[in-house]
Amino acid sequence: MSLQGDRTRALYQKGKQYIPYGVNSNFRYWGDDDTLVIPRGEGPYIWDADENRYIDYRLGFGPIILGHNHPYVTRRVQEALQDGTVFAWMTPREVELAERIARMCGVDKVRLSNTGTEATMHALRIARAYTGREKFIKFEGHYHGMHDYVLFSTASAQKAALGSRRSPIPQQISSGIPNHIREYVYCLPFNDFEMLERTVTAHWGELAAILFEPMMGNTAGIMPAPGFLQKIRELCDQYGIVMIMDEVKTGFRIAKGGAQEYFGVQADLVTYAKALGNGFPIAAIAGKDDVMMTVHPGQVSHGGTYTGNGIGTAAAVAVLEMLEKEPVIESTIANGKRMMEGIGRILTDAGIPHSLSGAPAMFGISLGSDQPPTDFRAYLDSDHGLYEELSYALIHRGVMPDADGREPWFLSYSHSAAVIDETLNIFEDAVREVARGYKGSPKPAIEVVE
Ligand SMILES: Cc1ncc(COP(=O)(O)O)c(C=O)c1O
């Protein structure tokens with residue numbers, strides 16, 4: 001049964017006439033029958049063009065930490081609009097935002113950007129300029145945005161083309177990337193201490209950076225093995241490599257100070273976006289004084305017409321004010337735990353092997369085995385088909401996770417205990433439906449879109 005009602009279908013078809021595949025990001029394309037059109041959201045809810053209400057756990061792929069259309073953020077942005085938006089000069093709000101980020105995240109310096117893609121692109125350039133080296137390490141199943149250097153072995157990669165675990169092949173996941181760019185990246189399985197050490201000791205003289213997601217925000221919330229982030233820190237210190245923690249999904253979400261606080265590891269550079277703006281476009285590159293000061297005007301480029309623009313900056317100041325004055329993170333964590341426990345209990349009672357991984361504000365569910373995956377390759381062995389079936393059963397009942405289990409479930413401050421309990425009732429119903437046909441053997445994997 002299609003997810004589209006009549007009005008949604010009509011709008012989608014009209015959009016498709018002018019917008020390739022009817023979407024402005026390929027990740028939003030669920031096929032011609034299931035791609036939705038969402039005119040509005042409020043708190044934990046979104047409504048489609050046919051007025052069907054969903055409790056939203058995609059939350060725009062993570063930015064919504066307070067709830068959709070949060071009144072305080074909206075008001076602060078409206079106030080800021082009265083002042084104008086872009087002057088190609090510094091504004092007082094940028095000073096306030098940088099000071100807040102520095103205080104909350106324990107970083108020395110901050111530069112603003114607009115998207116996570118821009119932030120990781122600039123961080124990589126800074127690392128290259130700082131070290132005078134060109135290559136970097138990233139991990140399989142980690143996603144860092146849309147620029148060419150990082151579109152290798154992301155969560156959209158095909159397992160068969162990743163090569164052997166002991167000598168992984170960087171898999172270019174889009175056409176249109178110049179072939180030679182592959183030479184700049186080593187892609188390794190996450191949580192493999194030995195592979196990491198071997199690669200660094202063999203190639204450190206050419207390595208500018210180790211770029212990573214502290215937990216796998218694009219592969220089912222897989223957590224770092226105990227000591228793995230510390231190992232990255234150690235190797236970066238030992239060999240003069242810049243440690244770039246990509247906190248685009250974890251920042252201002254899994255803890256007030258993000259993954260650096262959560263895992264107790266301080267990186268050289270950190271990238272933020274998503275939750276920083278609760279849905280308004282804003283990002284940041286932050287880090288240690290000497291590394292950040294590499295962006296010397298006339299020597300190393302960083303900039304952009306809209307960096308520090310009035311709208312994104314005002315939204316971010318408002319979000320961080322909320323995080324500091326209200327128990328946003330504490331409450332989201334408490335409700336996330338309630339949700340994870342409930343989901344685990346329901347799946348156990350239904351006899352469906354599963355594991356949950358991640359932090360309460362952002363967690364993943366892997367089906368088909370009780371053994372939690374520790375890297376991307378292991379996750380690909382889980383039962384994607386069953387997960388997709390379950391998510392569609394949920395969506396038809398008004399609960400909206402992503403249909404692709406690599407994308408975590410996100411929670412916001414607006415997901416109250418009552419909303420969680422309503423979700424769990426629906427979850428129980430949906431599990432009952434899919435459990436009826438469950439035979440224990442994996443179903444075919446879903447198609448990958450990028
Ligand atoms: C960890 C991570 N880094 C970077 C990005 C890119 O951010 P944006 O979509 O804002 O360009 C994403 C997007 O999902 C992400 O999850």
Side-chain angles (χ1 to χ4, degrees), residues 23-29 57-65 112-125 127 136-157 173-174 185 187 190 209-224 229 232 243-254 258-260 262-263 267 269-286 304 306-307 309 311-312 315-316 319 358-359 361-364 376 379 402 404-410 448-450:
V23 287
N24 278 307
S25 167
N26 283 359
F27 294 117
R28 300 175 197 163
Y29 180 67
Y57 290 96
R58 292 167 80 240
L59 296 182
F61 292 143
I64 306 302
I65 185 64
L112 298 178
S113 263
N114 301 297
T115 67
T117 295
E118 270 183 85
T120 63
M121 180 187 78
H122 285 298
L124 206 47
R125 180 179 303 141
F136 69 103
I137 290 175
K138 79 174 282 295
F139 296 96
E140 292 173 353
H142 291 216
Y143 175 71
H144 302 289
M146 281 284 169
H147 62 96
D148 288 353
Y149 284 119
V150 293
L151 281 178
F152 288 89
S153 303
T154 66
S156 304
I173 55 91
S174 170
V185 64
C187 296
F190 195 48
I210 301 179
L211 168 64
F212 62 97
E213 290 185 71
M215 58 175 276
M216 293 179 70
N218 291 279
T219 307
I222 294 172
M223 291 299 247
L229 301 186
I232 296 177
M243 178 178 186
I244 309 176
M245 194 184 281
D246 181 357
E247 290 230 49
V248 164
K249 274 192 169 165
T250 53
F252 308 105
R253 169 167 287 285
I254 67 171
Q260 293 197 114
Y262 191 96
F263 295 112
L269 289 179
V270 195
T271 50
Y272 300 106
K274 305 219 182 218
L276 178 59
N278 197 57
F280 287 91
I282 180 88
I285 308 124
Y306 293 104
T307 55
N309 74 79
I311 295 170
V319 170
M362 170 181 159
F363 63 85
F376 178 61
Y379 173 75
D402 204 82
D404 184 333
R406 283 169 288 200
E407 191 61 27
W409 289 59
F410 292 100
V448 172
V449 290
E450 180 70 43

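Every number for a ligand or one of its atoms is a count from 1 in the order of the listing. Since this is a predicted model, take the numbers as computed values, not measurements. FYI, side chains are in, hydrogens and waters are out, and symmetry mates aren't considered; it's all heavy atoms of this structure.
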- Task: Measure the acute angle between the ring planes of Trp409 and Phe363, then classify it against the limits of 30° and 60° as parallel, tilted or perpendicular.
- Result: parallel
- Message: I'd like to check which ligand 1 atoms, numbered from 1 as shown, lie under 4.0 Å from a non-hydrogen atom of Thr115.
- Response: 10 (O), 11 (O)
- Query: Is any side-chain heavy atom of Lys249 less than 4.5 Å from a side-chain heavy atom of Phe410?
  - Reply: yes
- Return the residue, atom name and 0.1 Å-rounded distance of the protein heavy atom closest to atom 4 (C) of ligand 1. His144 C, 3.4 Å
- Task: Around atom 11 (O) of ligand 1, find the nearest protein heavy atom and jot down its residue, atom name and distance.
- Result: Thr117 OG1, 2.6 Å
- Message: Is the ring pair Phe252/Tyr272 parallel, tilted or perpendicular, if the boundaries are 30 and 60 degrees?
- Response: tilted
- So do Thr250 and Tyr262 actually touch side chain to side chain, heavy atoms under 4.5 Å? no
- Between Glu213 and ligand 1, which part of the residue brings a heavy atom under 4.0 Å of the ligand: side chain, backbone, both or neither? side chain
- Nitrogen or oxygen of Lys274 less than 3.5 angstrom from that of ligand 1: yes
- Query: ligand 1 versus Phe61, non-hydrogen atoms closer than 4.0 Å: side chain, backbone, both, neither?
  - Reply: neither
- Item | Side-chain heavy-atom pair Asn309, Asn114 within 4.5 angstrom cut-off | yes
- Identity and separation of the nearest protein heavy atom to atom 3 (N) of ligand 1: Asp246 OD2, 2.6 Å
- Note on the structure: The side chain to side chain donor-acceptor pair (under 3.5 Å) partner of Asn218 among Arg406, His142, Glu213, His144 is Glu213
- Return the residue, atom name and 0.1 Å-rounded distance of the protein heavy atom closest to atom 2 (C) of ligand 1. Tyr143 O, 3.2 Å
- Polar contact flag for Gly116 and ligand 1 (N/O pairs, less than 3.5 Å): yes
- When the ring planes of His147 and Tyr149 are compared, do they come out parallel, tilted or perpendicular, using 30° and 60° as the limits? perpendicular
- Item | Residue Gly145 vicinity, atoms of ligand 1 by number, heavy atom under 4.0 Å | 4 (C), 5 (C), 6 (C)
- Message: Applying a heavy-atom cut-off of 4.0 Å, say which part of Asn218 lies close to ligand 1: side chain, backbone, both or neither.
- Response: side chain
- Query: How about Gln260 and Glu247: do any of their side-chain heavy atoms sit closer than 4.5 Å?
  - Reply: yes
